[in-house]
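Reviewing the structure listed below.
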Amino acid sequence: MGFRLSHLSLAVSVVALALAGVAIYRNTYEAIIMNNGSPDFDLLETGAVSILTLNNKTRNSDKDNLSQQLSQESCVFSAVKGVVDSAIDNETRMGASLIRLHFHDCFVDGCDGGILLDDINGTFTGEQTSPPNNNSVRGFEVIAQAKQSVIDTCPNISVSCADILAIAARDSLAKLGGQTYTVALGRSDGTTANFTGALTQLPAAFDNLTVQIQKFSDKNFTVREMVALAGAHTVGFARCATVCVSTNVNPAAQLQCNCSATLTDSDLQQLDTTPAVFDKDYYDNLNNNQGIMFSDQVLTGNTTTADVVTTYSNNVSVFLEDFAAAMIKMGNLPTSAGAQLEIRDVCSRVNPTSVASM
């Protein structure tokens with residue numbers, strides 16, 4: 001967003017100065033004719049040189065501003081990437097968790113960092129404890145560290161927590177072997193969150209195909225984009241506590257979970273055969289009726305979605321390109337109309353001046 005505005009500003013500035021130059025040149029010429037009866041070409045040449053010098057200085061100033069902006073954004077990207085790479089090196093699973101955290105943020109009332117807000121006892125209930133997220137979404141500490149890294153490394157640069165989430169998801173994808181893409185900065189953070197919205201807007205493991213298509217359509221995604229984004233399940237794990245609920249799971253799937261045992265959050269089921277690599281195995285598994293979640297396997301139950309599954313299974317490059325494009329689109333989902341926005345100082349809470357709005 002910043003790049004586009006800078007280029008537009010530069011173009012407008014050049015046009016305006018050119019028009020001003022023509023006007024100055026004409027006025028100078030007319031004044032000389034009125035006073036002397038003939039033009040003084042030395043004076044006109046001096047005026048023209050001055051105009052050209054002014055134009056060049058303005059262009060150089062705009063270029064300097066753009067260069068400074070590029071340098072600032074580069075600092076932000078570098079600061080976030082360092083934290084994300086370190087987190088994934090420490091625990092590979094974190095990459096999938098950060099991609100999911102960004103998805104769960106943007107799919108509920110747009111990319112506003114709402115999912116990062118902690119509950120406040122008796123005062124505020126956010127999205128983290130809503131059933132689709134409770135004891136499930138993770139990576140909050142990585143986003144907090146990335147925010148602090150930006151503050152420490154890139155002084156006087158204001159970047160939203162929603163932006164940091166978007167960068168972290170992109171860098172996680174690249175780290176796990178997916179196709180990178182450009183993240184435009186400029187998102188703002190919401191001053192509230194939507195517990196009910198997380199429950200009703202997010203796709204669920206038990207959703208049939210009709211429900212899934214409707215939820216993605218509500219966000220202006222096509223069926224193909226829906227199937228591409230479902231491919232995020234080519235990395236990461238599900239909790240056995242989720243998988244062992246019969247309505248959530250594909251009954252034909254071969255599970256690692258011991259569903260008869262007492263389950264904890266450390267009991268996990270990998271979502272495809274290569275949970276640490278962003279590849280096409282998820283779609284291969286679907287074609288073999290070995291998708292883990294019910295909502296995944298039903299993608300093969302409709303000709304349109306099944307054809308997309310087969311396309312991605314046959315050509316990983318097409319999947320990676322489509323997934324990157326869908327992530328860009330998801331990362332640009334707008335916030336709700338009338339939402340109160342800010343740039344949070346700390347990602348887990350609104351700024352002190354905004355507390356009254358919660």
Side-chain angles (χ1 to χ4, degrees), residues 96-120 122-140 161-162 165-166 169 187-233 236 238-239 241-243 245-250 271 291-299 301-302 305 326-327 329-341 348 350 357-358:
S97 297
L98 291 171
I99 294 171
R100 183 168 182 251
L101 189 59
H102 178 47
F103 179 92
H104 279 227
D105 177 45
C106 292
F107 229 73
V108 180
D109 299 338
C111 305
D112 63 355
I115 197 170
L116 302 175
L117 290 173
D118 289 343
D119 287 0
I120 301 174
T123 304
F124 170 73
T125 302
E127 296 168 19
Q128 292 181 21
T129 51
S130 188
N133 297 326
N134 195 31
N135 297 319
S136 176
V137 289
R138 57 199 297 272
F140 299 105
C161 298
L165 264 176
R187 298 167 190 80
S188 296
D189 299 318
T191 59
T192 190
N194 190 345
F195 178 97
T196 303
L199 184 60
T200 59
Q201 296 176 42
L202 287 168
F206 52 79
D207 282 347
N208 63 36
L209 189 57
T210 301
V211 172
Q212 289 186 69
I213 290 172
Q214 185 59 58
K215 286 182 176 179
F216 277 86
S217 177
D218 289 344
K219 307 296 180 183
N220 294 317
F221 285 104
T222 65
V223 169
R224 186 183 181 97
E225 290 168 335
M226 179 191 77
V227 178
L229 287 173
H233 285 178
R239 294 181 307 140
T242 299
V243 171
V245 177
S246 61
T247 53
N248 291 341
V249 70
N250 168 20
L271 288 171
I292 300 300
M293 310 310 295
F294 173 81
S295 58
D296 290 331
Q297 193 57 55
V298 295
L299 296 178
N302 169 284
T305 53
M327 286 292 285
K329 182 173 180 177
M330 188 187 72
N332 289 325
L333 286 176
T335 56
S336 298
Q340 298 298 308
L341 302 170
S348 60
V350 300
S357 70
M358 292 182 60

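- By the 30° and 60° cut-offs, the orientation of the rings of Phe216 relative to Phe221 is perpendicular.
- Side-chain atoms of Asp119 never come within 3.5 Å of backbone atoms of Thr125 as a donor-acceptor pair (strictly under, hydrogens ignored).
- Going from atom CE of Met330 over to atom CG of Asp105 covers 8.5 Å, rounded to the nearest 0.5 Å.
- Using a 4.5 Å cut-off on side-chain heavy atoms (C-beta onward), Thr192 and Gln340 make no contact.
- The minimum heavy-atom distance linking Gly236 with Ala96 is given by the pair CA-CB, 3.5 Å.
- The shortest distance between side-chain heavy atoms of Phe195 and Thr129 falls below 4.5 Å.
- Here the side chain of Arg239 pairs a donor or acceptor atom with the backbone of Asn135 at under 3.5 angstrom.
- The two residues Leu299 and Ala230 come nearest to each other via the heavy atoms CD1-CB, 3.9 Å.
- In terms of modelled atom types and a separation under 3.5 Å, the side chain of Asn133 and the main chain of Ser130 share no donor-acceptor contact.
- The minimum heavy-atom distance between Cys111 and Ala162, with the atom names listed, is O-CB, 3.7 Å.
- Contact of the Lys219 side chain with the Cys106 side chain is not registered, since no non-hydrogen atoms from C-beta on lie closer than 4.5 Å.
- In this structure, Lys329 contributes its side chain and Asn220 its backbone to a donor-acceptor pair below 3.5 Å.
- Asn194 has its side chain within reach of Glu127: a pair of non-hydrogen atoms, C-beta onward, lies under 4.5 Å apart.
- For Leu271 against Ala238, the heavy-atom pair with the smallest separation is CD2-CB, 3.8 Å.
- Under the 4.5 Å side-chain criterion, counting only non-hydrogen atoms from C-beta, Gln212 is not in contact with Thr305.
- Note that CD1 of Ile99 and NE2 of His104 are 12.0 Å apart. Values are rounded to the nearest 0.5 Å.
- Pro132 and Leu202 get closest at one heavy-atom pair: CB-CD1, 3.9 Å.
- In this structure, Ser217 contributes its side chain and Ile213 its backbone to no donor-acceptor pair below 3.5 Å.
- Formation of a donor-acceptor pair under 3.5 Å by the Asp189 side chain with backbone atoms of Gly113 is not found in this model.
- Between Leu165 atom CG and Phe140 atom CZ the span is 9.0 Å, to the nearest 0.5 Å.
- Distance check: Asp207 CG to Lys215 NZ gives 3.5 Å after rounding to the nearest 0.5 Å.
- The distance from atom CG of Asn134 to atom CG of Leu199, rounded to the nearest 0.5 Å, is 11.5 Å.
- When atom types are taken as modelled, the side chain of Asp109 and the backbone of Ser336 share no donor-acceptor pair closer than 3.5 angstrom.
- Screening Thr242, Val243, Asn248 against Ile292 for a side-chain contact (heavy atoms from CB on, under 4.5 Å) leaves a single residue, Val243.
- Of all heavy-atom pairs between Ala193 and Gly114, the closest is CB-O, 3.5 Å.
- Side-chain atoms of Gln128 come within 3.5 Å of backbone atoms of Leu117 as a donor-acceptor pair (strictly under, hydrogens ignored).
- To the nearest 0.5 Å, atoms NE2 (His102) and CD1 (Ile115) are separated by 11.5 Å.
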